[in-house]
Amino acid sequence: MIKQRLIELLTEAASQAQQLGKLPAVTLLDIVVEHPQNAEYGDYASSLPLKLARATGLSPLTIANDIVGLMAPTPEVASIAVAPPGFINFTLKDDWLTQQVDSILMAGDAYGNIVLGEGSRVQIEFVSVNPTGPLHVGHGRGAILGSTLANVLAAAGYKVEKEYYINDAGSQIVAFNRSLYARYQQCLGVDAEMPADGYFGSYMVDLAKEVIAEEGDRFLSLPEKEAVPQLGQIGSDKVIEQVRNDLERLGVSFDVWFSERSLYDNGQYQRAISLLHQGGYIAEKEGATWFVSTALGEDKDNVVVRGDGSPTYFASDIAYHYNKFLERKFDKVINIWGADHQGHVSRMKAVVGALGISPERLGVIISQMVTLLRGEELVRISKRSGDIITLREVVEEVGSDACRFFFLSRSADSQMDFDLELAKKESVDNPVYYVQYAHARIASILRLAQEREIDCRDGDVCLLNTEPELVLIRKMLLLPEIVEIVAHTLEPHHLTYYAQDLATVFHSFYKQCRVVSEDKALTKARLKLVEAAKTVLAKALHLMGMTAPDKM
RNA sequence: GUCCCUGUAGCUCAGUUGGACAGAGCGGCUGCCUUCUAAGCAGCGGGUCGAGCGUUCGAAUCGCUCCAGGGACGCCA
């Protein structure tokens, strides 16, 4: 990556300056190179001299001149300039830029990949909705965030595993099972009452009917104690299958479906708790077992085992994270949770620390609420009450690509409205089509070239010397940097903005530069350029889990 | 009451973790299709970056205090 190269050059020059006694021996940590907002300042800029001025007491301009004076000419850089109050500005060479077109074509699908992760193992867990009902749009947001991050982390050189945690233990499952049993009985003409904390959505009636169609009325003759869990198992298996299908339509898949219940099967739960016990983080009081998070700076302690001896959700999560870090030994674990789990973050970090794991290895992304609207009207999406608009319905109406782009284009931190009325109307003006249209336009050019049997493999990229061409190349070169930023910040929304920028410079190029023309040599060079642009656009779209259409 | 997120153009939101004159899309207003896709291009207009104080050579970005909106604070998950 060129940015990395410039950082190396700066580091070398600065340490050379130190050896020559021009610069005091202060540490040169994290040298930053960035893109100036104003293009007149060049392609990259560093404020290193300004930073060093503070540490050394020297004038920033003097430092800048000393450092620049020690930088040797390189094949990439046309000019290195000092600018007040103490910036070092780099401008890249045009012929180096044009050569990058060949590099991109050579890299193909792998263009944009970087080695940041060095093969370390990252687990990313997301969606993980209780198997008690269909997904809604809020879940879709987490799903899209997670799957995109997984794509980007893989491109950044990590070994990524995507996981769905199935909450198949605990009280909500009991409520689900009893609700299904009640609906099952009702559908078979038996007078039964729904539990007060039950799931009243109409999908439960459909589910009961489906079970009856396949299993008949045989559960009526079983004692309730046997019928409820058996029915519940069948029901939640069906729900999970639905969840899997709905996510597939959004282009989301998982490597592992992990059962919460399995944590209690093979002693992992016991080992996790005893490890905390050894550390002195477990205490008995008020008839229950507690995790003493106050000892780790938390506001309050949390119950692990209830008075009746049953473990809480928190207990499961302790065992689950023990499993992730100490049994499966992931280097890094990322959880994507909804805003309602926000209070869970700090105590989970405390648990991880108490288990002897550096809390930085646990990353938690909180995806903020999605408010579903129909015009001005608020649409309820709670599973417990009444009818809901499911994720499936939204995806069918709006389309997977537009859904993905819409959710990705806002940072996970900000709440968002999803207006069903606007979704369809706006889909015509949606930026997603602007990006895909650029890809389709290129495909169209390449089709024309193929019809005319133009082989551009011997094209000379040096001919690409006009402004629109160089602007396009510069933008293409940013993809690896975007991958790095997203992998580092875990904020995939940068990708959507990059994709739009790239499409913009392409559309502008397209308007100004005719590709297939009478000039054979230029045609070949430009065909190479647009093919490279197609590669980069497609890569950006694929990282976001979207399609790159050849026709629109 | 404590904690978390948010507050930037008429609307929806970016702003590369402190850099150089604050950006995009939508909407509004002007132009541009006999040549590779007009789902496009070029241009105009639009701002007290919620408010105030502070740190710094330099703040939308960091700290403190307020204001406003949303969320979380259970032996639910």
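Letters go in sequence order (proteins before strands), and every chain restarts at 1. As the structure is a computational prediction, the values presented were derived from the model and not from experiment.
Spacing of P atoms, B:U6 relative to B:U61, comes out at 13 Å, to the nearest Å. Using C1' as the reference atom, B:A22 and B:C67 are 24 Å apart when rounded to the nearest Å. The separation of B:C49 from B:C13, taken at their C1' atoms, amounts to 13 Å, rounded to a whole angstrom. To the nearest whole angstrom, the two P atoms, one in B:C53 and one in B:G70, are 28 Å apart. Remark: the separation of the C1' atoms in B:U55 and B:C62 is 8 Å, to the nearest Å. Comparing the P positions of B:C36 and B:G43 gives a spacing of 23 Å, expressed to the nearest Å. Taking the P atom of each, B:A42 and B:C33 are spaced 16 Å apart, rounded to whole Å. Taking atom C1' in both B:A60 and B:A9, the straight-line distance is 14 Å, to the nearest Å.
Only one option out of A:H344, A:H341, A:H321 pairs with A:N335 in a side-chain hydrogen bond (donor to acceptor under 3.5 Å, both in side chains); it is A:H321.
Residue A:H493 is classed as a sugar-phosphate contact, given heavy-atom separations below 4.0 Å to backbone atoms only. In this structure, A:A440 reaches the bases: a heavy-atom distance under 4.0 Å links it to at least one base atom across the strands shown. Residue-level contact check: A:F314 touches neither bases nor backbone, having no heavy atom under 4.0 Å from any strand. Among the heavy atoms of the strands lying under 4.0 Å from A:H341 is at least one base atom, whether or not backbone atoms are also near. Here A:R410 lies in heavy-atom contact (under 4.0 Å) with sugar-phosphate atoms only. No engagement by A:R452 is indicated, since no non-hydrogen atom pair under 4.0 Å with the nucleic acid exists. Counting any heavy atom pair closer than 4.0 Å across all strands shown, A:D168 reaches no nucleic acid atom. Residue A:A449 is classed as having no contact, given no heavy-atom separation below 4.0 Å to the nucleic acid.
Between the side chain of A:N89 and the base of B:A20, at least one donor-acceptor pair of N or O atoms lies under 3.5 Å.
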*Could you go step by step and tell me if A:V486 and A:T148 meet the side chain to side chain contact (heavy atoms under 4.5 Å, CB included) rule?*
CA-CA 10 Å; A:V486 174; A:T148 303; over 6 Å; no

*A:F176 and A:S236: CA distance, side-chain angles, deciding distance, side chain to side chain contact (heavy atoms under 4.5 Å, CB included) verdict*: CA-CA 8 Å; A:F176 170 82; A:S236 64; 3.9 Å; yes

_The test is side-chain hydrogen bond (donor to acceptor under 3.5 Å, both in side chains); show your working for A:D401 and A:Q436 and say whether it passes._
CA-CA 10 Å; A:D401 284 343; A:Q436 290 181 321; 3.0 Å; yes

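Look at B:U17: its glycosidic torsion is within 90° of 0, and that puts it in the syn range. More than 90° away from 0 lies the glycosidic angle of B:C4, which makes this nucleotide anti.
Put simply, CE on A:M416 is 18 Å from P on B:C11, counting in whole angstrom units. Rounded to whole Å, atom C1' of B:A77 lies 13 Å from atom CE of A:M348. Taking atom CD1 of residue A:I31 and atom P of nucleotide B:U16, one finds them 20 Å apart after rounding to whole Å. Atom C1' of nucleotide B:A20 and atom CG of A:L61 are separated by 13 Å, given to the nearest angstrom. Taking atom CZ on A:F405 and atom P on B:A14, their separation rounds to 13 Å, with Å as the unit.
For the pair A:F87 and B:G19, the ring geometry does not qualify as stacking, because the centroid separation below 5.5 Å and plane angle under 30° are not jointly satisfied.
Evaluation of the salt bridge (charged side-chain N to carboxylate O under 4.0 Å, His left out) test over residues 163-179 of chain A, restricted to residues two or more places apart or in two chains, returns A:E163-A:R328, A:R178-A:D197. Residue pairs that meet the side chain to side chain donor-acceptor pair (under 3.5 Å) test with at least one member in residues 525-535 of chain A, sequence neighbours left out, are A:D102-A:K528, A:E469-A:R526.
Annotated stems with RNA chain B as a participant read B:1-7 with B:67-73, B:10-13 with B:23-26, B:28-32 with B:40-44, B:50-54 with B:62-66, given as range with range, by first number; only runs of 3 or more Watson-Crick or G-U pairs under 3.5 Å qualify.
Comment: A:D308 does not engage A:R306 in a salt bridge, judged by the lack of any side-chain N to carboxylate O separation of less than 4.0 angstrom. With salt bridges taken as basic N to acidic carboxylate O contacts below 4.0 Å, one links A:K285 and A:D301. Salt bridge annotation for A:K324-A:E125: present, with a cationic side-chain nitrogen under 4.0 angstrom from a carboxylate oxygen.
Checking side-chain atoms of A:H507 against main-chain N and O of A:Y437 turns up no donor-acceptor pair under 3.5 Å. Judged purely by atom type and a 3.5 angstrom limit, A:D519 uses its side chain to pair as donor or acceptor with the backbone of A:L522. Put simply, the side chain of A:S367 never gets that close to the backbone of A:A412: no donor and acceptor are under 3.5 Å apart. Distance alone, capped at 3.5 Å, is enough to place a donor-acceptor pair between the A:S46 side chain and the A:L48 backbone.
Aromatic pair A:F418/A:F407: centroids less than 6.0 angstrom apart. A ring-centre distance under 6.0 Å is found for A:Y165 and A:Y320.
Neither OP1 nor OP2 of B:C73 sits under 4.0 Å from any side-chain N or O of A:H344. Contact between the side-chain N/O atoms of A:R306 and the OP1/OP2 oxygens of B:A77 is found at a separation under 4.0 Å. Proximity of A:Y437 to the phosphate of B:A39: a side-chain N or O atom is located under 4.0 Å from OP1 or OP2. The phosphate of B:A77 has OP1 or OP2 within less than 4.0 Å of a side-chain N or O from A:S171.
In the set B:G71, B:U35, B:G15, B:G15 carries the atom at the smallest distance from any side-chain atom of A:E491. Here the nucleotide nearest the side chain of A:Y313, chosen from B:A77, B:G71, B:A14, is B:A77. For A:Q500, taking side-chain heavy atoms from C-beta onward, the closest of the listed nucleotides B:A24, B:G71, B:G15 is B:A24. Taking only side-chain atoms of A:E286, from C-beta outward, the nucleotide of B:A39, B:A20, B:C75 with the closest atom is B:C75. In the set B:G25, B:U17, B:A72, the nucleotide with an atom closest to the side chain of A:V32 is B:U17.
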Contacts under 3.5 Å, N or O only, protein and nucleotides 1-8 of chain B:
{"from": "B:C5", "atom 1": "O2'", "to": "A:D413", "atom 2": "O", "distance (Å)": "2.3"}

Could you write out each protein N or O paired with an N or O of nucleotides 41-46 of chain B at a distance under 3.5 Å?
{"from": "B:C41", "atom 1": "OP1", "to": "A:Y434", "atom 2": "OH", "distance (Å)": "2.5"}
{"from": "B:A42", "atom 1": "OP1", "to": "A:S508", "atom 2": "OG", "distance (Å)": "3.2"}

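Taking 4.5 Å as the limit, some side-chain heavy atom of A:L263 sits within range of a side-chain heavy atom of A:F258. Between A:F90 and A:S79 the shortest side-chain heavy-atom distance does not fall below 4.5 Å.
Each of A:P549 and A:E260 has a nearest nucleotide on RNA chain B; the 5'-most of these lies closest to A:P549. The residue among A:L448 and A:S47 whose nearest nucleotide of RNA chain B is located toward the 5' end is A:S47.
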*Could you encode protein contacts along nucleotides 55-61 of chain B as a string, one character per nucleotide from 5' to 3', using B for base contact, S for sugar-phosphate-only contact and - for no contact, with a heavy-atom cut-off of under 4.0 Å?*
-SBB---

